[in-house]
2 protein chains.
Amino acid sequence: MVRAVYDGIYRIIRSRIEAGDYAYQGFLPSENEFIAEFGCSHNTIRKALGLLAGEGYVHPIQGKGVRVIYRPLERAGFVLGGIESFKETAARNRLNVATRVSAFHDAVADARISKATGFARGEELVYVERIRLLDGAALILDRSYFLKSAVDGLTPEIAEKSIYEFFENELGIAIATSKRAITAERATELDARLLDLDGYDFLAVVTGQVFRSDGIMIECTQSRHRPDHFTFYSTATRGV
Amino acid sequence: MVRAVYDGIYRIIRSRIEAGDYAYQGFLPSENEFIAEFGCSHNTIRKALGLLAGEGYVHPIQGKGVRVIYRPLERAGFVLGGIESFKETAARNRLNVATRVSAFHDAVADARISKATGFARGEELVYVERIRLLDGAALILDRSYFLKSAVDGLTPEIAEKSIYEFFENELGIAIATSKRAITAERATELDARLLDLDGYDFLAVVTGQVFRSDGIMIECTQSRHRPDHFTFYSTATRGV
DNA sequence: GCCGATTTGTCCGTATGTATC
DNA sequence: CGATACATACGGACAAATCGG
């Protein structure tokens, strides 16, 4: 895929910030300096800087400059908040990761499922239950409903690897938008049976809907995390 | 403050979506139709639509249109994920809300505080501990450090009302960016003493940093929520 | 399969407003 | 006041995806 100009510039500036080339609390070069460096237009630079601001790397101040507010994360754990798959996350954190599929069967959205997931009543689905292991400990329980028509050819073997890779490489599906809700809940019998709770009797729960690039919801997943390995990061910006 | 054109258009379209004028899974009018309606340029409409997409209201599909993916929330609780104050949230949910200040004193950032909050060592701070009551039940414990130089004139009486209103109206401070991390944690002795835990022994914890519009961090707050009243919403978009 | 109309995506150049110093 | 820097808005051009004939 050929990348857009603004995306390339965004990545370059982001990597410089992460490398510390631009100091925390310092200012980036001005927009005009970037225009001179990259040979692009005002709007293109602004789009790249807008992405960085939206992700909490920088903060623009009218009349002064664009301040760097990024610092490396201190607490270990999963970096969420953007769209990042389990495998990507594990790789970033250099952990030994495995997935075990504990259930895999078809289902039809009845009233209960429809209310919980947002799929329409009667929709044909596939139910997948996965356990995520880090360095041998079962830390995450994923319970997913997929839109059956969208994941034709999905097997337990594929689910053990990465369903996202299957989406993108085999089915050519581009994931675009996802919505998540984070809550904290008491661990259930099922959680206790499938996870290494290590004394914990509560979990951090992420319930998410995934939309294909044509806007159709194709997945609703509930991820139940042992709390000591879970952190969800989020950045918000108020319209000035 | 005079609002920007794109912001007004964004609000109009958003309110139509929330009112159901544009159906879930249906398409918005095309960009050209909006241009005709609002009498503005292509880019201005795109900026408004970009805001809606970023907040999970719509999902644009190249060559087809902009699909509505918003639906009213089902689960009661706090709407977070954007920047919304406790009072705004309570008003939206029509709850009877009160705040009690349980501690209020100056502090200096030592090694421990500096590591936990991100304030520099030696920085002069104000520590504020607040309990949020909904319909008489103590559900949330807020423990905040403020940059002393930025909140001059802050009193316990003001903290009982809204510190954000104090920021914006008295001090003329505009809050711009905030970063948050969500975790689930075991309730402490302090939590049990100050909150109505109602049998729960764990909490949803939001640790957040607030940046003033000049990019300086002025607040670091940890909000500890009883889990049955807490939900954090988030929308993510993967760069196509 | 091709072509043309429609729609969103990207990029440019320019102008003007507003805040900071 | 002027210089600098970010913010907003416009108009135009072309690319890419979709859909219907």
Side-chain angles (χ1 to χ4, degrees), chain A residues 1-11 13 22 26-54 57-69 172-174 176-177 211-216 237-240, chain B residues 1-11 13 22 26-54 57-69 172-174 176-177 211-216 237-240:
Chain A
M1 183 180 71
V2 181
R3 248 182 233 128
V5 174
Y6 71 82
D7 189 59
I9 294 172
Y10 153 72
R11 287 162 194 267
I13 299 177
Y22 304 128
F27 288 98
L28 292 185
S30 75
E31 292 180 1
N32 283 327
E33 289 179 81
F34 278 131
I35 289 170
E37 174 180 355
F38 295 112
C40 67
S41 80
H42 183 62
N43 286 338
T44 302
I45 283 292
R46 285 190 62 76
K47 179 132 188 177
L49 294 177
L51 289 176
L52 290 166
Y57 282 93
V58 300
H59 183 79
I61 308 156
Q62 189 172 1
K64 286 194 73 172
V66 180
R67 175 165 267 148
V68 178
I69 59 174
I173 294 175
T177 300
F211 294 83
R212 204 167 50 188
S213 58
D214 63 357
I216 301 294
T237 304
R238 192 194 276 266
V240 184
Chain B
M1 183 180 70
V2 181
R3 248 182 235 125
V5 174
Y6 72 84
D7 189 59
I9 295 172
Y10 152 73
R11 287 161 193 267
I13 300 176
Y22 305 129
F27 288 97
L28 292 184
S30 74
E31 292 180 1
N32 282 327
E33 289 178 81
F34 278 132
I35 289 170
E37 175 181 354
F38 295 113
C40 66
S41 77
H42 183 60
N43 286 335
T44 302
I45 285 292
R46 286 190 61 75
K47 179 131 189 178
L49 294 177
L51 289 175
L52 291 166
Y57 282 93
V58 300
H59 182 78
I61 308 158
Q62 189 171 4
K64 285 194 74 171
V66 180
R67 176 165 266 147
V68 177
I69 60 174
I173 295 175
T177 300
F211 294 83
R212 202 166 53 187
S213 58
D214 63 357
I216 301 294
T237 303
R238 192 194 276 264
V240 184

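Labels below follow one simple rule: chain letters A, B, ... track the order of the sequence lines, proteins then strands, and each chain is numbered from 1. Since the model is a prediction, treat every value here as computed from it, not as a measurement. Because only heavy atoms are used, hydrogens play no part in the values below, and waters and symmetry mates are left out as well, while side chains stay in.
Counting heavy atoms from C-beta on, the side chains of Glu31(A) and Phe34(A) never come closer than 4.5 Å. Looking at Val66(B) and Leu52(B), their side chains never come closer than 4.5 Å, going by heavy atoms from C-beta outward.
Taking all atoms of both residues into account, the shortest heavy-atom contact from Leu49(B) to Leu28(B) is CD2-CD1, 3.8 Å. The shortest heavy-atom contact between Ile61(B) and Arg67(B) is CD1-NH1, 3.9 Å.
With sequence neighbours excluded, the residues forming a side chain to side chain contact (heavy atoms under 4.5 Å, CB included) with Lys47(B) are Tyr6(B), listed by chain and number. Considering only residues two or more places apart in sequence or on other chains, Gln62(A) meets the side chain to side chain contact (heavy atoms under 4.5 Å, CB included) condition with none of them. The side chain to side chain contact (heavy atoms under 4.5 Å, CB included) check on Ile9(A) picks up Val5(A), Ile13(A), Phe38(A), Cys40(A), Thr44(A), Ile45(A), Ala48(A), with sequence neighbours excluded.
An OP1 or OP2 oxygen of dT8(D) is reached within less than 4.0 angstrom by a side-chain nitrogen or oxygen of Tyr6(B). Residue Arg46(A) places no side-chain N or O under 4.0 Å from the OP1 or OP2 atom of dC6(D). Put simply, Lys47(B) has a side-chain N or O that comes within less than 4.0 Å of OP1 or OP2 on dT8(D).
Residues from residues 26-36 of chain B with heavy atoms under 4.0 angstrom of DNA chain C, sorted by number: Ser30(B), Glu31(B).
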Per-nucleotide protein contact along nucleotides 12-19 of chain D, 5' to 3', at a 4.0 Å heavy-atom cut-off (B base, S sugar-phosphate only, - neither), is ----BBSS

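Rounded to the nearest 0.5 Å, atoms OH (Tyr22(B)) and OH (Tyr57(B)) are 14.5 Å apart. To the nearest 0.5 Å, atoms CG (Asn32(B)) and OG (Ser30(B)) are separated by 5.0 Å.
Using N1 to N3 plus N6-O4 or O6-N4 for Watson-Crick, or N1-O2 and O6-N3 for G-U wobble, each under 3.5 Å, dG12(D) pairs with dC11(C).
Scanning DNA chain C 5' to 3' for nucleotides with an atom closer than 4.0 angstrom to a non-hydrogen atom of chain A gives a first and last hit of dT10(C) to dC21(C).
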